[in-house]
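Residue numbering restarts at 1 for every chain, and letters A, B, ... go by the order of the sequence lines.
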Protein chains: 2
Amino acid sequence: MFSKACEYGIKATIYIAVKSMRQERVSLKEIAEEVDSPVAFTAKILQSLAKSGIIDSHKGPTGGFQIEETKIDTIKLHDIVHAIDGDKIFVGCGLGLEQCDASQPCPVHDKFVGIRDNLKIMLKNTSLYELATGLEIGLTHLKR
Amino acid sequence: MFSKACEYGIKATIYIAVKSMRQERVSLKEIAEEVDSPVAFTAKILQSLAKSGIIDSHKGPTGGFQIEETKIDTIKLHDIVHAIDGDKIFVGCGLGLEQCDASQPCPVHDKFVGIRDNLKIMLKNTSLYELATGLEIGLTHLKR
DNA sequence: TTTATTTAGGATAAATTTGTCCGAAATAAG
DNA sequence: CTTATTTCGGACAAATTTATCCTAAATAAA
Ligand code: FES
Ligand code: FES
């Protein structure tokens, strides 16, 4: 469904959000630990999320990653997925035709579009805030 | 969403079904052509679909692939996807936790499970027959 | 200013998926 | 029986994704 990079990216962002809600910055090392992801690979992903403007990064001692608190509520899961995996999952054909086009549909088009759109709606409606809150109150988990 | 192998496999199976409904066997070469897929790679996929019992293969001149006509209606999209991509897409965690477990859910579990289940239901309800019919009457297409 | 710490970024490597090649095996037809 | 055709199956290669390593740049604190 999502790429490994995207899975790590989502988990990392949620973890950063939890910390940011407590005005805490968090280091790459800690993130990778808490999210159960390879450190160097996670670094790349966070780097790209920073470039996308979803998270902020700071170098040096006391450095690390954080998210502007006012943004935590407006950032949606969709934004993270789109930043990392692009829009193929949102607009791509289920059978890999170059372009999904209702006027020249593939055999699964009608059935697939509904699922795809549901996914998109879900991702657009899910805020980082609710995901972070669920984690903070111990309702959800980032690793097993 | 689906692997490339699965995309090719679905398209190939639909094409074979259309031909089988006319009591025609079809060669690998023709399939790859009509489905717009790499020949040798398609051969591997068809081979595995044959082992899974979804399609039948015959060697030699006049050989090729076909599907038992009585099965075309009972084979569901789910069977093809499961045969090629396994069940990760049906039971796997959206964030890649080793196991999706409602009693120890990841942050997206509640929202993800709904989408995942919808996909599963859709695939279980979609028969090869209807996909093949749509293609035969020119309503849908396998390449662009 | 020096040092320690942390992210940035480029090069590289490993793993997986996708794709190719070729000889073997089966089989239909002359 | 011989030949031509077609799938089978194993080895191999290319491309992509995932993951690592190392140096540079920034920066906070002594
Ligand atoms: S054309 Fe295939 S999903 Fe729309
Ligand atoms: S635990 Fe992640 S989707 Fe169920």
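The outermost nucleotides of DNA chain C lying under 4.0 Å from heavy atoms of chain A, listed 5' to 3', are C:dA4 to C:dA11.
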Per-nucleotide protein contact string for nucleotides 3-8 of chain D (B base, S sugar-phosphate only, - none; heavy atom under 4.0 Å): -BBBBS

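Chaining together hydrophobic side chains whose heavy atoms lie under 4.5 Å apart places A:L139 alongside A:I137.
Looking at residues 84-93 of chain A, you'll see that no heavy atom sits under 4.0 Å from any atom of DNA chain D. Looking at residues 11-19 of chain A, you'll see that no heavy atom sits under 4.0 Å from any atom of DNA chain D. Using a 4.0 Å cutoff on non-hydrogen atoms, the parts of residues 33-42 of chain B near DNA chain C are B:P38, B:A40, B:F41, ordered by number.
To the nearest 0.5 angstrom, B:E7 atom CD is 12.5 Å from B:L142 atom CG.
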Can you give me every donor-acceptor pair (side chain of residues 47-57 of chain A, partner residue at least two apart or in another chain, under 3.5 Å) with its distance?
residue: A:S48; atom: OG; partner: A:I45; partner atom: O; Å: 3.2
residue: A:S52; atom: OG; partner: A:S48; partner atom: O; Å: 2.9

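If A:R25 and A:F2 are placed on DNA chain D by their nearest nucleotide, the residue sitting closer to the 5' end is A:F2.
A:F65 meets the ring-ring contact (aromatic ring centres under 6.0 Å, His included) test with no other residue; sequence neighbours excluded.
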Write down the protein N/O and nucleotide N/O pairs, taken from nucleotides 10-17 of chain D, whose separation is under 3.5 Å; answer none if there are no such pairs.
residue: D:dG10; atom: N7; partner: B:K44; partner atom: NZ; Å: 2.9
residue: D:dG10; atom: O6; partner: B:K44; partner atom: NZ; Å: 2.5

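Listed by first and then second residue, the side-chain hydrogen bond (donor to acceptor under 3.5 Å, both in side chains) pairs that reach into residues 83-107 of chain B are B:S3-B:D85, B:D101-B:S103, sequence neighbours excluded. Pairs of residues two or more places apart, or lying in two chains, never qualify as salt bridge (Lys or Arg N to Asp or Glu O under 4.0 Å) while including a residue from residues 63-77 of chain A. Evaluation of the salt bridge (Lys or Arg N to Asp or Glu O under 4.0 Å) test over residues 131-140 of chain A, restricted to residues two or more places apart or in two chains, returns A:R22-A:E136.
A:Y8 has a side-chain polar atom (N or O) that falls below the 4.0 Å cut-off from OP1 or OP2 of D:dA19.
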